[in-house]
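Notes to accompany the following structure.
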Amino acid sequence: MTDNRFDPSLSDGRWQRAWEDGGTFTADSDADKPKSYILEMFPYPSGRIHMGHVRNYTMGDVLARFKKMSGYEVLHPMGWDAFGMPAENAAMEKKVHPGAWTRSNIEGMKAQLKRIGFALDWTREFATCDPEYYGHEQALFIDMYEAGLVYRKSSEVNWDPVDMTVLANEQVIDGKGWRSGAEVEKRKLDQWFLKITDFAEELLAGLGELEHWPDKVKLMQENWIGKSTGLEFSFALSNGEKLPVYTTRPDTIFGASFCAIAADHPIAQGLSENAAVAAFIEECKKGGTTAAELETAEKLGFDTGITARHPFTGEPMPVFIANFVLMDYGTGAVMGVPGHDQRDFEFATKYQLPIARVVAKDVAQADAPMGDEAEAGDGVIVNSDFLDGMSVEDAKADVIAKAEQGGWGEGTTVWRLRDWGISRQRYWGTPIPFIHCDSCGIVPVPKDQLPVTLPEDVDFETPGNPLERHATWKHCACPKCGGEAVRETDTLDTFTNSSWYFLRFASQPADAPFDPEEIAKWMPVQHYIGGIEHAILHLLYARFWTRALAHIGKFEVKEPFAALFTQGMVTHEVYYRMKRMDLSESKDAAVLDGYYSPDEVIRASDGATLKTDGQPVEVGRVIKMSKSKKNVVDPDAIIADYGADAVRWFMLSDSPPERDLPWSEAGIEGCWRFVQRLWRLFGQIDDSAKGEDKALARKAHQAIVAVAEDIEALSFNKAVARIYELTAAAEKAESGEDRNFAIRTVMHLIAPMMPHLAEEAYAKLGHDTLIADAAWPEHDPAMLVEDEVTIAIQHKGKLRDTITAPKGAPKESLEALALASEKVQRSLDGAEIRKVIVVPDRLVNIVT
RNA sequence: GCGGGUGUGGCGGAAUGGUAGACGCCGGGGACUUAAAAUCCCCUGAUCCUAUAGAUCGUGUGGGUUCGAGUCCCACCACCCGCACCA
């Protein structure tokens, strides 16, 4: 390489090999240093690394390298979330085995990651489709079964007719399969479940201790868990049956004027011999589930003719089948209090049921007429017999107490969270390690027979579960009685695989899923970084597995991730053309003709043209990179042009990490220029030069502290800005000891961010060790303090002048200096000074 | 509908209640060069202006607290995200 130009095509590989050969980033759990576990959400091996991965892993990498330089033993592993439907889809489309497809993708993506120079401990790499990994998962699953956390039940499931599989509630979006987009159907199947609801209270309470998680994510989980407290009680019905209902507002019980049950409630079903009832139930099922449809859906009811007896007044109330009552929440039946619940209000208005006021602002307002909507707010109870005058809270407690004393109801907690249905009728997943025996029932596979491995010879020509169709795989002997039996052919939801992988990274004995002593050394993960799209599913399941495993005595850790960071997406503007459908001039007649990728387009400051024909293309919004919009930039191509460090620097610059990062060609060019600028600067260290530059030295010491703080806070964009400032100051400075110090400081500060450049420069200075192993520079606290400060002088709230004063100058002298300013005097223009506010080392504000 | 977030130059964005626009990108001007690339220097919120000076306005809108508000409070607007008939 030439001296005045940094050549990443030579340097990147050289240092990547040096780190690998030296085991630089291999974590030693026996090291006598404080430990730090840095983890990014592991990728699904879909084929290629994309910019989103690069951004995610660059952030973790900077943290990991910085922690190492700061004296920590760092665990920064990588692996593959390798089970999942894309592999099966590929198998169907391309006629390759899911395993072969997955392995080849892993190989390619691993090479891509290495090309970016991530400080990963590859010795701990695994894929969740490795029999060793999923075998341990099967063992843990059996442990959970034995602890009573796994059960089977016949249940209505979300059936995806395209993927031919069951979906979790979380995987159904607006009534459609999250992956296939197909309309989801209801089916009854025998399913395996994990008792996540046993941990609902814990998972909710645990959120309170997660100080370093984004509030947004905690709130989303809180809403998902959905705790509510209230009263469950039964109405006596005119047909002799009992109708259990659940309410969060027992205080409004005197305002109840009807009952409503879900269309699939047993009582409704029992009446369905009546054609009118059956027709109404059918009508309720038709309603769409999209946001817009629900918003506008009219409240519909069918009067069953049955009446319910009010527990206090004894009054009969009509019982309706209603389309707005959900069977799978509470008891599937509600008491309708139209005055204080908006849905009940709409319903009562439509069917002309009484709307009584039982909550008012104060007792004097007891007879105030109701408006045109329900009053859900706080107040005092009125028109409610013994509750009159009580606060809402007191009345709730009182009614619950009365119900419990009277034995007709009890205070209960209801959760929105459902148990986790983990059965998938799919091939490419962890086989559920159980055997069905006609005489012994359900029998776990003995642990010494684990792993239950997937058969290799499967076909994907027909939809459905290949394990079910396989000629021999499912047939086996019962471990208990030795008779003929069949294996469970369901596999575990892929979210299971990602629910404990961080434990396996921390510790990987051959004969157990993990070693509790090693777990104790590394867990919890100190920084967990990934996309916001996992705010609920993955993060809740991982928290559940960790708690469940702790519950059955596997280790002490309760929460897996001490700090969570959700990074923004990498975005790019879209390029497209419209075409006209007809000859009219109306712009509305134009429809999308097609999208163009950034490398098909020449982008100028005032627009964009297509390379092939030189004609303009439309420049659209800046949105998430996606193949369908063609606004993707391939990391490999960029790295080939600019090297790994320029790309890494781009990922860290400008946008705060939690926000979206707009990719731009100009931006990466700028990063490339900075790489070369640093290279020239690093070449200017001259140890023979003499000369002081206290201001520069001070800047360098301040940067050491500030950049460290910024990295710890993951404010990479701020760290980048400070490094630019120090670089510019060092460039301008006269050569001498302090300049050399400043340049060496820059070299160390950029080492976590641009490690190849830093290593190359470090080696050029004659070091035969790695800068990756070097210590973060020490700072001199005395050098952090300026001895001169700039003081702002304000008058009438505006800046009039600035003066330079020694740090810590007394108020009186600052005031005198301020008043001595000619500009200030001009602004004052002889006005009478009423007050002077002096903030030491900051400003003087003169009030007239 | 409920909950949460965001709003600052042409763009990405800085700013413990104390000099708004750090830093980067774009743009303009200049130096070097036969030329280009590369590099370096200067300018770059708006308006006014008697123009190296000076003034006014300016952080979504309208109020408020304060000597002083991008920052705190109240009301509103726009956009984004999550949940959604959850009793």
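Residue numbers begin at 1 in each chain, while the letters A, B, ... track the order of the sequences.
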[X]: what forms a salt bridge (Lys or Arg N to Asp or Glu O under 4.0 Å) with it, not counting sequence neighbours?
X	result
A:R357	A:E375
A:E822	A:R826
A:E712	A:K67

- Item | All stems with RNA chain B, defined as three or more consecutive Watson-Crick or G-U pairs under 3.5 Å | B:1-7 with B:77-83, B:10-12 with B:23-25, B:27-31 with B:39-43, B:45-48 with B:54-57, B:60-64 with B:72-76
Using a 4.0 Å heavy-atom cut-off across all strands, classify [X] as base, sugar-phosphate, or nothing.
X	answer
A:K823	sugar-phosphate
A:R673	sugar-phosphate
A:V414	nothing
A:T247	sugar-phosphate
A:L326	base
A:T790	base

- Message: So for atom CD, which belongs to A:E786, do other residues, nucleotides or ligands contribute more than 12 heavy atoms lying within a distance under 6.0 Å?
- Response: yes
- Going by the side-chain hydrogen bond (donor to acceptor under 3.5 Å, both in side chains) test, name the single residue among A:R677, A:R739, A:R680 that passes it with A:E731. A:R677
Identify the pairs formed between an N or O of the protein and an N or O of nucleotides 66-68 of chain B at a distance under 3.5 Å, and give each distance.
{"residue": "B:C67", "atom": "O2", "partner": "A:N845", "partner atom": "ND2", "Å": "2.5"}

Polar atom pairs (N or O), protein with nucleotides 71-80 of chain B, under 3.5 Å:
none

For [N], does either OP1 or OP2 sit under 4.0 Å from a side-chain N or O belonging to [X]?
X	N	value
A:S664	B:C26	no
A:R416	B:A84	yes
A:N717	B:A14	yes
A:R659	B:G5	no

- Message: Could you check whether A:Y724 and A:W649 have their ring centres less than 6.0 Å apart?
- Response: yes
- Hey, which sits more toward the 5' end of RNA chain B by its nearest nucleotide, A:D654 or A:M327? A:D654
- Item | RNA chain B: 5'-proximal contact among A:Y246 and A:V720 (nearest heavy atom) | A:V720
- Query: Applying salt bridge (charged side-chain N to carboxylate O under 4.0 Å, His left out), which residue pairs with at least one partner in residues 255-267 of chain A are found, sequence neighbours left out?
  - Reply: none
- Message: Is a donor from one side chain sitting under 3.5 angstrom from an acceptor on the other, for A:R722 and A:Q702?
- Response: no
- Message: Distance alone, cut at 3.5 Å: any donor-acceptor contact between the side chains of A:T571 and A:D660?
- Response: no
Which protein N or O atoms sit under 3.5 Å from an N or O of nucleotides 15-17 of chain B?
{"residue": "B:A15", "atom": "OP1", "partner": "A:K718", "partner atom": "NZ", "Å": "2.9"}

- Message: Using a 4.0 Å heavy-atom cut-off to protein, can you give one letter per nucleotide of nucleotides 55-65 of chain B, 5' to 3': B if the base is in contact, S if only the sugar-phosphate is, - if neither?
- Response: -SS--------
- Query: What does nucleotides 44-51 of chain B look like as a protein-contact string, B for base, S for sugar-phosphate only, - for none, at under 4.0 angstrom between heavy atoms?
  - Reply: --------
- Query: side chain to side chain contact (heavy atoms under 4.5 Å, CB included) with A:N845: which residues, sequence neighbours excluded?
  - Reply: A:Q794, A:I837, A:L843
- A:L210/A:R543 under side chain to side chain contact (heavy atoms under 4.5 Å, CB included): CA gap, chis, key distance, verdict: CA-CA 11 Å; A:L210 295 175; A:R543 292 183 61 222; 3.9 Å; yes
- For the residue pair A:W408 and A:F233, does the interplanar ring angle fall in the parallel (under 30°), tilted (30 to 60°) or perpendicular (over 60°) class? perpendicular
- Item | Audit row: A:V399, A:D251, side chain to side chain contact (heavy atoms under 4.5 Å, CB included) steps and yes/no | CA-CA 6 Å; A:V399 172; A:D251 53 303; 5.5 Å; no
- Can you run down the ring pair (Phe, Tyr, Trp, His ring centres under 6.0 Å) pairs that involve residues 318-340 of chain A, sequence neighbours left out, and say none if there aren't any? A:F320-A:F347, A:F320-A:Y351, A:F324-A:F347
